[in-house]
Amino acid sequence: MAITANDPEHPDRATSAPSAEDFAGRLLASALATAETMSVYLGERLGWYRCLADHGPLTAADLASQTGTDERYAREWLEMQAASSILDVDLSTTPPRFDIAPGVAEVLTDTGSLDYLGALPQMFAASFARLPELLEAYRHGGGVSWEQFGADARESQAALNRPWFETRLAPALAEVGHLHEILSRPGARILDVGFGAGYSTLALARAYPDATLVGLDIDADSVDMARANAESASLSDRVTFEVAGGEDAKAHGPFDAAFAFECIHDMPRPVDVLASVREALAPGAPMIVMDEAVSAEFAGPADELDRLMYAFSIFVCLPDSMSSPPSVATGTVIRPSTLEKYALDAGYTAVEVLPIRDFAFFRFYELKTA
């Protein structure tokens, strides 16, 4: 018999314990979803989705020939994709021909679309490749660094955030009047801490052409990516990327504004970073933090956003943070109260949530210095 527990904070919410049969069904569905996710990794990395989007419908032989891959593997993958209703198949021809629907193609191949998720499996692939090290860390402490997770992790995060930075960041900031005014001042100096591939910094540079920007990131490979992106965007004259931690921000100041996009939760010592940034800011200048828009507190069963962030946390972000002791070990599920405590401990006077809505999975905070 199922036992029902009442939630005292939400008396209208009841949770029923699943039967063994029910949970077995759920776990099987999860296993199928995991297999589908990693099959997407194969299709994205091998260029199969892109080829189908550009040249489909195709047979397995066509796909293999056009992508320089093995036909037998291509056939098995194509059949699995059709069996999972990811791809369409025409069985009236011999051999069958496979195609990709426009909506599916947008999600998996259009890197400029706000619905793009083709790079999402890369993050899990990066972590799954490190399962032995993760098990060791879970048993004995320590962690797995961002550098160890490698190119898949770097490229995944950059690709997933890029369309939001390039299409939504400028209009979002323009709606925050006092901040837009500061960023628009001729000669404004803007700091971007933990910039990854640099797409956030470059978006700020495009939005504020009278500003100069400095990016600091501890990952040398990310800095190389960002410098190449700046050169490609013809913005190297106003944008400088340095291999340095946020705790070195004071040495690069003063700045009229500073940003930290989706990185505070990864930092082992965020208070030190925030304090150094505060010291690098001109009097009254703001620090803007964009981080996960998770719920305010842990309450057991959660929505999809919190669950996804916990997935990133246990496989990537928490191990990354704990790889550099001593670490506060925040994790991806960074609650507003946690960020506020870090900011106040770093000497900021107040923290406010900015009125920026519907920006992917993120919430924007302003850390005030006066």
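Heavy atoms only: backbone and side chains are in, while hydrogens, waters and symmetry mates are out.
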Hey, are the side chains of Y342 and V328 touching, using non-hydrogen atoms and a 4.5 Å cut-off?
yes

Do the side chain of R238 and the main chain of A211 share a donor and acceptor less than 3.5 angstrom apart?
yes

Could you tell me whether the side chain of T34 and the main chain of S30 form a donor-acceptor pair under 3.5 Å?
yes

Set out, in order, the CA-CA distance, both residues' side-chain angles and the distance that settles side-chain contact (heavy atoms from CB on, under 4.5 Å) for S127 and F149, then state yes or no.
CA-CA 6 Å; S127 63; F149 284 122; 4.1 Å; yes

Any side-chain heavy-atom pair from L117 and L160 closer than 4.5 angstrom?
yes

Within 6.0 angstrom of Y73 OH, more than 12 heavy atoms from elsewhere
no

Distance-only donor-acceptor check, side chains E292 and T332, under 3.5 Å:
no

Do any N or O atoms from the side chain of R189 and from the backbone of P254 form a donor-acceptor pair under 3.5 angstrom?
yes

Any side-chain donor near an acceptor of the partner, S324 and R269, under 3.5 Å
yes

What I'd like to find out is whether the side chain of H252 reaches to under 4.5 Å of the side chain of L191, using heavy atoms alone.
no

How long is the gap from CZ on F361 to CD on E304, to the nearest 0.5 Å?
9.5 Å

List the residues meeting side chain to side chain contact (heavy atoms under 4.5 Å, CB included) with L58, not counting sequence neighbours, and say none if there are none.
C51, L52, H55, D62, L63, Q66

Report the C-alpha distance between L204 and L202 in whole Å, list the side-chain angles of each, state the deciding distance to 0.1 Å, and finish with yes or no for side-chain contact (heavy atoms from CB on, under 4.5 Å).
CA-CA 5 Å; L204 289 168; L202 299 178; over 6 Å; no

I218 atom CD1: more than 12 heavy-atom contacts under 6.0 Å:
no

Pairing of E76 and R72 as salt bridge, 4.0 angstrom limit:
yes

Identify the heavy atoms of M123 and A153 that sit nearest to each other, and give their distance.
CE-O, 3.5 Å

Return the set of residues passing ring pair (Phe, Tyr, Trp, His ring centres under 6.0 Å) with F241 (not counting sequence neighbours), or none when no residue passes.
F195

Reported CG-to-CG distance for the pair L274 and L339, which is rounded to 0.5 angstrom
7.0 Å

If we ignore hydrogens and angles and just use 3.5 Å, is the side chain of D306 paired with the main-chain N or O of A302 as donor and acceptor?
no

Would you compute the distance between atom OG of S145 and atom CG of D219 and round it to the nearest 0.5 angstrom?
8.5 Å

Does either side chain, that of R335 or that of S295, offer a donor lying less than 3.5 Å from an acceptor on the other one?
yes

Excluding sequence neighbours, so at least two apart, what forms side chain to side chain contact (heavy atoms under 4.5 Å, CB included) with L114?
P163, W164, T167, R168

R130/E133 under salt bridge (charged side-chain N to carboxylate O under 4.0 Å, His left out): CA gap, chis, key distance, verdict:
CA-CA 5 Å; R130 293 294 179 179; E133 293 95 329; 2.7 Å; yes

How long is the straight-line distance from OG of S184 back to CG of D210, given to the nearest 0.5 Å?
8.0 Å

Distance-only donor-acceptor check, side chains R363 and Y365, under 3.5 Å
yes

Does the D88 side chain pair with the main chain of A82, one donor and one acceptor, at a distance under 3.5 Å?
no

Min side-chain heavy-atom separation M267-T330 under 4.5 Å:
no

Using atom types as modelled and distance alone, determine if a side-chain donor or acceptor of S276 lies under 3.5 Å from a backbone N or O of A249.
yes

Check: D22 and S19 side chains under 4.5 Å, non-hydrogen atoms:
yes

Tell me who clusters with M322, hydrophobic residues only, linked when side chains sit under 4.5 Å apart either directly or through other members.
L318

Contacts of type side chain to side chain donor-acceptor pair (under 3.5 Å), residue N161, not counting sequence neighbours:
E262

Measure the shortest side-chain to side-chain distance between E44 and Q122 over non-hydrogen atoms and say whether it is less than 4.5 angstrom.
yes

With sequence neighbours excluded, what pairs up with Y208 under the ring pair (Phe, Tyr, Trp, His ring centres under 6.0 Å) test?
H180

Euclidean distance, E155 CD relative to S222 OG, rounded to 0.5 Å
10.0 Å

Strictly distance-based, threshold 3.5 Å: is any side-chain N or O of Y49 a donor or acceptor partner for the main-chain N or O of I100?
no

Is it true that a side-chain atom of S156 and a backbone atom of A119 form a donor plus acceptor pair closer than 3.5 Å?
yes

Supply the atom-to-atom distance L305 CG to F362 CZ, rounded to the nearest 0.5 angstrom.
9.5 Å

With E147 via salt bridge (charged side-chain N to carboxylate O under 4.0 Å, His left out) - residues at least two apart:
none

Any donor-acceptor pair under 3.5 Å from T59 side chain to P96 backbone
no

Does the plane of the ring in F165 sit parallel, tilted or perpendicular to the ring in F359? Use 30° and 60° as the thresholds.
tilted

Show the numbers, then the answer: is there a side-chain contact (heavy atoms from CB on, under 4.5 Å) between I190 and D256?
CA-CA 6 Å; I190 302 171; D256 299 289; 5.8 Å; no

Only counting residues at least two apart or in another chain, list the ones meeting side chain to side chain contact (heavy atoms under 4.5 Å, CB included) with A343.
Y348, V351, L367

Under the salt bridge (charged side-chain N to carboxylate O under 4.0 Å, His left out) test, which residues partner D90, sequence neighbours left out?
none

Is there a side-chain contact between T240 and L213 in this structure, where contact means two heavy atoms from C-beta onward sitting under 4.5 Å apart?
no

Electrostatic pair R307:D303 at N-O distance under 4.0 angstrom:
no

Hydrophobic cluster membership, F364 vs F255, 4.5 Å side-chain cutoff:
no

Could you list all the ring pair (Phe, Tyr, Trp, His ring centres under 6.0 Å) pairs where at least one residue sits in residues 81-119, not counting sequence neighbours?
none

Tell me every residue that passes salt bridge (charged side-chain N to carboxylate O under 4.0 Å, His left out) with E247, counting only those two or more places apart in sequence or in another chain.
none

Listed by chain and number, what are the salt bridge (charged side-chain N to carboxylate O under 4.0 Å, His left out) partners of D345, not counting sequence neighbours?
K341

Can you find a side-chain donor-acceptor pair between W77 and S39 that sits under 3.5 Å?
no

With salt bridge (charged side-chain N to carboxylate O under 4.0 Å, His left out) as the test, would you mind laying out the steps for D221 and R154 before giving the verdict?
CA-CA 9 Å; D221 288 327; R154 286 192 302 273; 3.6 Å; yes

Answer yes or no: is there a donor N or O on one side and an acceptor on the other, between the side chain of S84 and the main chain of M80, under 3.5 Å?
yes

Applying side-chain contact (heavy atoms from CB on, under 4.5 Å), run through T201 and F259 and close with a yes or a no.
CA-CA 9 Å; T201 325; F259 291 84; over 6 Å; no

Is any side-chain heavy atom of Y41 less than 4.5 Å from a side-chain heavy atom of D152?
yes

